[in-house]
Amino acid sequence: MNYWLMKSEPDAFSIDDLKNLKTSPWDGVRNYQARNFMKEMKMGDTVFFYHSSCKVPAIVGLASVNKEAYPDNTSWDETSPYFDLKSTPDNPRWFMVDIEFISKLPTPLTLKDMKNDPVLSGFKLLQKGSRLSIIPLSDEHAQYLIAKMT
DNA sequence: GCCAACGTTGGC
DNA sequence: GCCAACGTTGGC
């Protein structure tokens, strides 16, 4: 079982949106590193849902992977903002997973707090200039964060 | 809104 | 295959 952090801008898709939908495809990833991480995801992996580009960047909830990587059909939809000419149903370039809502944190774990926590040193999210939208967590970091949530 | 960091593109 | 130019991300 692996642990992942996935970033979303709350204006586009928030933890409340996921809560309402119960489960949702994670489409629109157009970065090779992030795509490759999604291909590594397994059923039941835990996802830390992170709000980025907002007032208080923070981990705001938990989700789990409930469908493993499959082609992202928005990539060949000409009307989609995620359209990519080089991706086709026969030769898909981009993939997505489905995730399922687990919980919304009563108190988000803010980026600021995490940056000040020595236990989390080495966590890629906290490195300066880290822009990757999907980031793996070590077991140690993941379990530490989960413990902090309760 | 600024800008540093990073990824991608394309000319050579 | 190098690298400059450009676009995007995301914290501040």
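For the numbers below, each heavy atom of this structure counts, side chains included, while hydrogens, waters and symmetry mates do not. Proteins get letters first, then strands, A, B, ... in listed order; numbering begins at 1 in each. Here the structure is a predicted model, which means the values were calculated and not measured.
- At a threshold of 4.0 Å, the pair Asp84(A)-Arg30(A) does not count as salt-bridged, since none of the basic side-chain nitrogens sits closer than that to a carboxylate oxygen.
- Using a 4.0 Å heavy-atom cutoff across all strands shown, Lys112(A) reaches no nucleic acid atom at all.
- For Tyr144(A), the side-chain contact (heavy atoms from CB on, under 4.5 Å) partners two or more places apart in sequence, or in a different chain, are Asp117(A), Val119(A), Leu120(A), Lys148(A).
- A donor and an acceptor atom, one from each side chain of Asn66(A) and Thr23(A), are located under 3.5 Å apart.
- The footprint of chain A on DNA chain B, defined by a heavy-atom cutoff below 4.0 Å, extends from dA4(B) to dT8(B).
- Using bins of under 30°, 30° to 60° and over 60° for the plane-to-plane angle, the ring pair Tyr32(A)/Trp94(A) lands in the tilted bin.
- As judged by a 4.0 angstrom heavy-atom cut-off over every strand, Glu9(A) is placed among residues making no nucleic acid contact.
- Checked by atom type, the side-chain pair Asp77(A)/Thr74(A) shows no donor-acceptor distance below 3.5 Å.
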